[in-house]
Amino acid sequence: MPSKGFHPIVSEYHILWEALKHYEDRLEKLSSMETDEDKQLTYDEKLQDLEGVLNSLKVAAKEDYGMDLE
């Protein structure tokens with residue numbers, strides 16, 4: 001039985017990558033500008049989570065299509 005997970009095509013990998021990198025840039029900016037330590041910590045935690053998502057996406061793109069996302 002085939003898996004029912006999400007299997008993006010090449011163009012979708014690129015769109016997802018670009019969108020997540022844009023979000024990463026935004027979170028970094030928000031974190032650096034934030035004066036409230038709790039909010040800054042929240043942004044930093046999201047950045048850590050996002051790093052994992054980006055790494056997973058990079059591995060999946062490589063395995064599915066031999067693509068190197070950068």
Side-chain angles (χ1 to χ4, degrees):
M1 178 176 224
S3 73
K4 296 182 181 188
F6 180 63
H7 300 288
I9 60 175
V10 171
S11 62
E12 292 170 336
Y13 272 114
H14 287 290
I15 291 168
L16 285 169
W17 184 260
E18 288 177 25
L20 291 172
K21 292 302 280 184
H22 178 74
Y23 182 52
E24 180 182 46
D25 291 342
R26 179 77 176 140
L27 286 174
E28 287 172 349
K29 183 177 181 179
L30 289 171
S31 177
S32 68
M33 293 173 43
E34 187 58 61
T35 57
D36 182 313
E37 287 184 26
D38 289 334
K39 287 183 181 179
Q40 186 177 23
L41 182 60
T42 299
Y43 291 134
D44 291 344
E45 288 173 350
K46 287 181 181 184
L47 281 165
Q48 286 179 340
D49 292 343
L50 185 58
E51 184 179 337
V53 172
L54 287 167
N55 286 335
S56 294
L57 190 63
K58 187 182 273 192
V59 167
K62 185 69 169 180
E63 288 177 357
D64 289 350
Y65 297 104
M67 292 177 9
D68 290 320
L69 295 173
E70 294 297 326

Minimum-distance pair of heavy atoms, taken over all atoms of Tyr13 and Met67: CB-CE, 3.5 Å
Crowding at CD, Glu51 (>12 non-hydrogen neighbours, <6.0 Å): no
Reported CD-to-OG1 distance for the pair Glu37 and Thr42, which is rounded to 0.5 angstrom: 11.5 Å
By side chain to side chain donor-acceptor pair (under 3.5 Å) - contacts of Lys21 (at least two apart): Glu24
Path from Leu30 to Leu41 over hydrophobic side-chain contacts below 4.5 Å: no
Side chain to side chain contact (heavy atoms under 4.5 Å, CB included) between Leu16 and Phe6, intermediate numbers included: CA-CA 12 Å; Leu16 285 169; Phe6 180 63; 3.8 Å; yes
Single-linkage hydrophobic cluster, 4.5 Å side-chain cutoff, Ile9 and Val59 together: no
Smallest separation among heavy atoms of His7 and Glu12, with atom names: O-OE1, 4.5 Å
Whether Ser31 side chain and Leu27 backbone form a donor-acceptor pair below 3.5 Å: no
Side-chain heavy-atom pair His14, Leu69 within 4.5 angstrom cut-off: yes
Residues Leu50, Lys46; criterion side chain to side chain contact (heavy atoms under 4.5 Å, CB included); working and verdict: CA-CA 6 Å; Leu50 185 58; Lys46 287 181 181 184; over 6 Å; no
Distance, nearest 0.5 Å, that separates NZ of Lys29 from OH of Tyr43: 12.0 Å
